[in-house]
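Structure first, commentary second.
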Amino acid sequence: MPAPTHLLRAALAVPPASPTVSPPAAKPAAPSKPLTVTVTPLSPGVLSATALTPHKLRVYDPGYAHTLAYTSAITSIDGAAGHLRHRGYPIESLAANASYLDLLHLLLYGSLPTRAQLTRFRRALYAPSASLVHADVRAVVSAFPRSSHPMPVLMAALSALGAVSPALNPSLAGANVYACPRARARAQLKALGSMAPLCAGVFRHVSGLAPAFLAPACGDDLTFAERFLHLLGADAHPVFARALELLLLLHADHEQNCSTATVRQLTSSGVDLFSALSGGVAALYGPLHGGATEGVLRMLQRIGSVERIPQFLARVKGKQEKLMGFGHRVYRNYDPRARIIRDVAHQVFARVGSEEPLVEVAVALERAALEDEFFASRKLFPNCDFYSGLVYKAMGFEPGYFPVLFALARCGGWVAHWNEFLDDPDRRIARPHQRFVGEVGPREVPPVDEREEGVSGVVVEDERGMVAKM
Ligand code: CMC
């Protein structure tokens, strides 16, 4: 948008600022001394950081490894025991007895749905008002090169969804738009109802299939996975539909993981739900998070055979690379989701019939790592991503699409956390502090011709191989 000229003129007319008076030079930091403070815990094992304020203390916590940034009643994890529960229901019991939409209802509204509630919920999500993809959003997806990684396309599609939903955007409809229960419910249904068509459209576009967006199959009784497979244009075997439904359920929520915390962080600024979800997809894309689904498969392909596992593990132990699909910030035990996925994987492989050589590599790699002191001493176990990529591959998905399937599932958790966070009386804009270790100054800015070259020495190369030193 061009700057209005009267504003420019006004800015130019501002008299030059009077010379600044340099503040006194900062005192050198005093050496740290051990100190003792007495504070009352907020609850057993939990200290309120604000209790440290009177003592002029702050907490330095890289990666938030020891920080409880949010309050939630949705999902609990006991990392030492390897337990995962959604609103008190163990993941094993949900996997055996609930559908993805049952779980979504539980995450969002706090209870498992009755049959009548489930029908109403499913109808609301499948209704055109929630799931029809606007022509402008479809155009955004189609504008991407077919060679694109699907995750950036999904990010753009979610942003575009926000752009065509101005009535649900606090910047346009007013900062309090989500205080209206109807607007909030509409935003939730729009996001959750659109996710399957968007993910399917992204798949069809990058796979070179036209049209990218298919009309959804008729029938309100389809499971979430069955309907999604229809939107992909896939005539999938019921074993695949059931396996996909289960994988979606297992990936639906996992408390304050990187992408969910990102969605909350973005929400704290007051931004619209669709932009927050786009940010969630970006966080999930990273290879240390949901990108690990794809990373595991590429790692297994690189290892290639059981004989090469010792060589690969030696590189991992030498810190030259990571064993993808292993390790977790919270679990210091087998990830319960990984155990369930390993079992479903065998059903899918049996259906596919053909031998997938990477399965043998994965099983042998897991065994070798679990028996190895390096992994045992660090309590590193397989996480949910270790086997899921192999299942997706057996179903016919390309590795780049695996994190999209993760995002499709996790969108349920993101929306549930968004909803919960909006009602949190402790919600404030997320704005951490920093431990500043740079030059405090103040320094004079010399004219450009009088500056000396810095010492950064960073070499920048463009696509044509032209090199510049910064
Ligand atoms: N391979 C090799 N070493 C590992 C691995 C791994 N996968 N994970 C952790 N370690 C080592 C790490 O180097 C460190 O060693 P040391 O004590 O010698 O410095 C030690 O184990 C502790 O690890 P950490 O880096 O403090 O763990 P973190 O909590 O910061 O990171 C993680 C967690 C999941 C990012 C990490 O385990 C990892 O990078 N795993 C591989 C990627 C992956 O599978 N991600 C999926 C996570 S689960 C699903 C999801 O969230 O999407």
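Note: hydrogens, waters and symmetry copies are ignored here, and every other heavy atom, side chains too, is used. Both ligands and their constituent atoms are indexed starting at 1 by order of listing. Throughout, numbering of the chain's residues begins at 1 and tracks the sequence.
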Check the angle between the aromatic planes of [X] and [Y] and answer parallel, tilted or perpendicular using the 30° and 60° thresholds.
| X | Y | value |
| --- | --- | --- |
| Phe326 | Phe375 | perpendicular |
| Tyr392 | Phe402 | tilted |
| His149 | Tyr285 | tilted |

His328 side, atom NE2; Asp385 side, atom CG - distance, nearest 0.5 Å: 8.5 Å

Pairs under 3.5 Å, nitrogen or oxygen of ligand 1 with protein nitrogen or oxygen:
from: ligand 1; atom 1: 1 (N); to: Leu323; atom 2: N; distance (Å): 3.0
from: ligand 1; atom 1: 7 (N); to: Leu323; atom 2: O; distance (Å): 2.7
from: ligand 1; atom 1: 7 (N); to: Phe326; atom 2: O; distance (Å): 2.9
from: ligand 1; atom 1: 13 (O); to: Lys319; atom 2: NZ; distance (Å): 3.2
from: ligand 1; atom 1: 15 (O); to: Lys319; atom 2: NZ; distance (Å): 3.0
from: ligand 1; atom 1: 15 (O); to: Arg378; atom 2: NE; distance (Å): 3.2
from: ligand 1; atom 1: 18 (O); to: Lys319; atom 2: NZ; distance (Å): 2.5
from: ligand 1; atom 1: 18 (O); to: Arg378; atom 2: NE; distance (Å): 3.2
from: ligand 1; atom 1: 18 (O); to: Arg378; atom 2: NH2; distance (Å): 2.9
from: ligand 1; atom 1: 19 (O); to: Lys319; atom 2: NZ; distance (Å): 3.4
from: ligand 1; atom 1: 29 (O); to: Arg329; atom 2: NE; distance (Å): 2.7
from: ligand 1; atom 1: 30 (O); to: Arg329; atom 2: NH2; distance (Å): 3.1
from: ligand 1; atom 1: 39 (O); to: Lys322; atom 2: NZ; distance (Å): 2.7
from: ligand 1; atom 1: 40 (N); to: Phe326; atom 2: O; distance (Å): 2.9
from: ligand 1; atom 1: 44 (O); to: Gly325; atom 2: N; distance (Å): 2.8
from: ligand 1; atom 1: 44 (O); to: Asn383; atom 2: ND2; distance (Å): 2.9
from: ligand 1; atom 1: 45 (N); to: Leu288; atom 2: O; distance (Å): 2.8
from: ligand 1; atom 1: 51 (O); to: His289; atom 2: ND1; distance (Å): 2.9
from: ligand 1; atom 1: 52 (O); to: His289; atom 2: O; distance (Å): 3.1
from: ligand 1; atom 1: 52 (O); to: His289; atom 2: ND1; distance (Å): 2.8
from: ligand 1; atom 1: 52 (O); to: Gly290; atom 2: N; distance (Å): 3.3
from: ligand 1; atom 1: 52 (O); to: Asp385; atom 2: OD2; distance (Å): 3.4

Lys/Arg-Asp/Glu bridge criterion (N-O < 4.0 Å) met for Arg85, Asp78: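 No, Arg85 and Asp78 are not salt-bridged.
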
Salt-bridge contact Arg342-Glu366 (side-chain N to carboxylate O under 4.0 Å):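 Salt bridge present between Arg342 and Glu366.
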
